[in-house]
Amino acid sequence: MMTDASQPPAINSTSVLDWYDRHARTLAWRVSPEARRQGVRPDPYRVWLSEVMLQQTTIGAATRYYLRFLELWPSVEALAAAPREAVLVEWAGLGYYARARNLHACAQVVVDEHQGVFPDNAAALMKLPGIGAYTSAAIAAICHDEPVAVLDGNVERVLARYLALETPVRDAKPLLRRELQRAVPARAGDFAQAMMDLGATICAPRTALCTLCPLQPDCCAAAQSEPTAYPVRPAKAERPVRYGHAYVICDRDGDVYLRTRPDTGLLAAMTEVPTSEWLPEPTGPGYPIEADWHPSGRVVHVFTHFRLELEVWRTVLDDRSQLTDGWWSDPRDARSEALPSLFRKVLAQALD
DNA sequence: AAACCGGGGAT
DNA sequence: ATCCCAGGTTT
């Protein structure tokens, strides 16, 4: 427990780096500590691409997308030259689709205004679309060893435990940033990655393997009975369920009707099957659909997803020309559409 | 400062 | 079912 009378314990970055030299994870975008010692420098494009994909996303989910993007677009110039639609198609399933739009916009800014070279410092990086406090610091530290505090969810947890922080992280970020900044060594990039690896493998959300941790000697939480009691979390506000319809419209050949969502809001600019406005409550199969393309529709499924409840209505249409805003597609070719997971599941259920 | 934005994996 | 994740943007 921190008191006013005692300074928080300093973070022993030497211990952390020693641990990292022995236990660094192997990741597709990472240059190992050994290779860095031999002079290998990370490619800012790859680091940026990985960091954006890893925003609120686990390594397991992001890695195959990272490898696919690198295969399709091995340089920032290649990505900038790609149609936005192609980027959205490849991003489909990864979530938080504003990231994909910002990724593409950022690539174009780097090419058009920075001669294809990412800025080499955190302050300049943060001006780019989709790059905030965390990502700018991570790129600058990892690629250029800029001595900046790289504070992500993992590191927040490590520090909240190290300091036995009694307030929610949200209210103590400046303190955490100061304490972390105070510890940043010359090997800033390895230190940043080391702290994140610690949070991922030793000081995990539900498990704390304190006997293996290089910070254990000075850790306030390790000295207590339950280190995993930190970080303390504020009571989260619960949000109401939203209701709507999804209309799976097929023609006689089995093609389904798809269209593009608006450029803002939920799943912006992505592909969808037609959906209704938000409804105050479920309507059930008797609900009158005021649309001449819906002659024989029926509810085939109720789909629940992320505080969203969609009644899936299926209908077969003889005359394609009744629908003109979108296009018809073979659902077996869903890979080539910018379809979020939600609509992939809706289609799979409705066509099962 | 708080709300919004998706999805998957672990428990 | 609930929590959490290599957060950023908008209001």
Side-chain angles (χ1 to χ4, degrees), chain A residues 24-25 27-30 42 46-66 88 91-103 105-106 125-142 148-158 160 168-174 180 189 191-201 203-207 228 231-242 261-270 272 278 303-308 310 338-346:
Chain A
R25 290 178 293 176
L27 303 173
W29 45 85
R30 173 173 288 178
R46 298 184 181 205
V47 173
W48 164 72
L49 179 61
S50 69
E51 292 297 346
V52 173
M53 287 184 169
L54 288 163
Q55 291 166 2
Q56 297 298 102
T57 306
T58 57
I59 286 169
T63 298
R64 62 183 184 276
Y65 286 84
Y66 170 81
L88 295 181
W91 198 276
L94 199 53
Y96 285 120
Y97 297 98
R99 294 186 294 171
R101 304 193 303 275
N102 286 331
L103 186 86
C106 183
L125 284 162
M126 197 149 98
K127 298 182 190 299
L128 296 171
I131 298 184
Y134 163 75
T135 305
S136 58
I139 297 171
I142 293 171
V148 286
V150 179
L151 190 57
D152 77 328
N154 273 322
V155 180
E156 285 175 2
R157 178 176 57 257
V158 171
V169 162
R170 187 198 61 203
D171 304 328
K173 262 198 168 181
L180 184 59
F191 178 68
Q193 295 175 93
M195 292 295 290
M196 292 190 275
D197 277 19
L198 263 186
T201 64
C203 198
R206 287 174 167 78
T207 323
T228 53
V232 300
R233 304 219 169 264
K236 58 166 188 178
E238 40 197 280
R239 290 179 304 232
V241 175
R242 291 180 290 183
R261 290 179 62 83
D263 226 42
T264 58
L266 183 70
L267 305 171
M270 298 297 287
E272 65 168 4
W278 295 123
F303 190 85
T304 304
H305 176 87
F306 195 66
R307 296 191 183 83
L308 170 60
L310 283 183
L339 265 183
S341 297
L342 184 157
F343 292 115
R344 288 174 195 261
K345 291 175 183 171
V346 163

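Proteins come first, then strands; the chains are lettered A, B, ... in the order of their sequence lines, and each starts at number 1.
Checking side-chain atoms of A:S50 against main-chain N and O of A:V47 turns up a donor-acceptor pair under 3.5 Å.
Salt bridge status for A:D152 with A:R157: absent, with no side-chain N to carboxylate O gap under 4.0 Å.
Within the structure, every side-chain polar atom (N or O) of A:Q55 is placed at least 4.0 Å from both OP1 and OP2 of C:dG7. In this structure, A:R157 reaches the C:dC5 phosphate: one of its side-chain N or O atoms is under 4.0 Å from OP1 or OP2. Contact between the side-chain N/O atoms of A:T58 and the OP1/OP2 oxygens of B:dG7 is not found at any separation under 4.0 Å. At least one side-chain nitrogen or oxygen of A:R242 sits closer than 4.0 Å to the OP1 or OP2 atom of B:dC5. Phosphate contact (OP1/OP2 of B:dG8, side-chain N/O of A:K345, threshold under 4.0 Å): present. Of the side-chain N and O atoms in A:R170, one or more sit less than 4.0 angstrom from OP1 or OP2 of B:dA2. A:R344 has no side-chain polar atom (N or O) that falls below the 4.0 Å cut-off from OP1 or OP2 of B:dG7. The shortest distance between the side-chain N/O atoms of A:H305 and the OP1/OP2 oxygens of B:dG7 is below 4.0 Å. Within the 4.0 Å cut-off from OP1 or OP2 of B:dG7, at least one side-chain nitrogen or oxygen of A:Y97 is found.
A:G93 comes within 4.0 angstrom of the backbone, heavy atoms only, and of no base. Using a 4.0 Å heavy-atom criterion, one finds that A:T135 contacts the sugar-phosphate atoms exclusively. Nucleic acid contact class of A:L27 (heavy atoms, under 4.0 Å, all strands): base. Within the nucleic acid shown, A:T57 comes within 4.0 Å of at least one base atom, counting heavy atoms only. A:G60 comes within 4.0 angstrom of no nucleic acid atom, judged by non-hydrogen atoms across all strands. Residue A:A62 is out of contact with every strand shown, counting any heavy-atom pair closer than 4.0 Å. Residue A:W48 is out of contact with every strand shown, counting any heavy-atom pair closer than 4.0 Å.
A donor N or O paired with an acceptor N or O is found under 3.5 Å between the base of B:dG6 and the side-chain atoms of A:Y96.
Distance from the side chain of A:P205 is smallest to C:dC5 among B:dC5, C:dA6, C:dC5. Comparing B:dC5, C:dA6, C:dC4 by their closest approach to the side chain of A:R233 singles out C:dC4.
Across B:dA3 and C:dA6, the matching C1' atoms stand 22 Å from one another, rounded to whole Å. B:dG6 and C:dC5 are spaced 12 Å apart, taking the C1' atom of each and rounding to whole Å.
Projected onto DNA chain C by closest heavy-atom contact, A:N154 and A:N102 fall at different nucleotides, the more 5' of which corresponds to A:N154. When each of A:A200 and A:R206 is assigned the nucleotide of DNA chain C bearing its nearest heavy atom, the one mapping closer to the 5' terminus is A:R206.
Geometrically, A:R242 engages A:W278 in a cation-pi contact defined by less than 6.0 Å to the ring centre and at most 45° from the axis.
Counting only N and O atoms by type, the side chains of A:R99 and A:T57 include a donor and acceptor under 3.5 Å apart. With no hydrogens or angles considered, no side-chain donor-acceptor pair links A:Q55 and A:Y134 at under 3.5 Å.
Summarising the geometry, the separation between CZ on A:R46 and P on C:dA6 is reported as 22 Å, rounded to the nearest angstrom.
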### Task
Take A:W29 and A:Y66 through the test ring-ring contact (aromatic ring centres under 6.0 Å, His included) and record every step on the way to the result.
CA-CA 8 Å; A:W29 45 85; A:Y66 170 81; 5.3 Å; yes
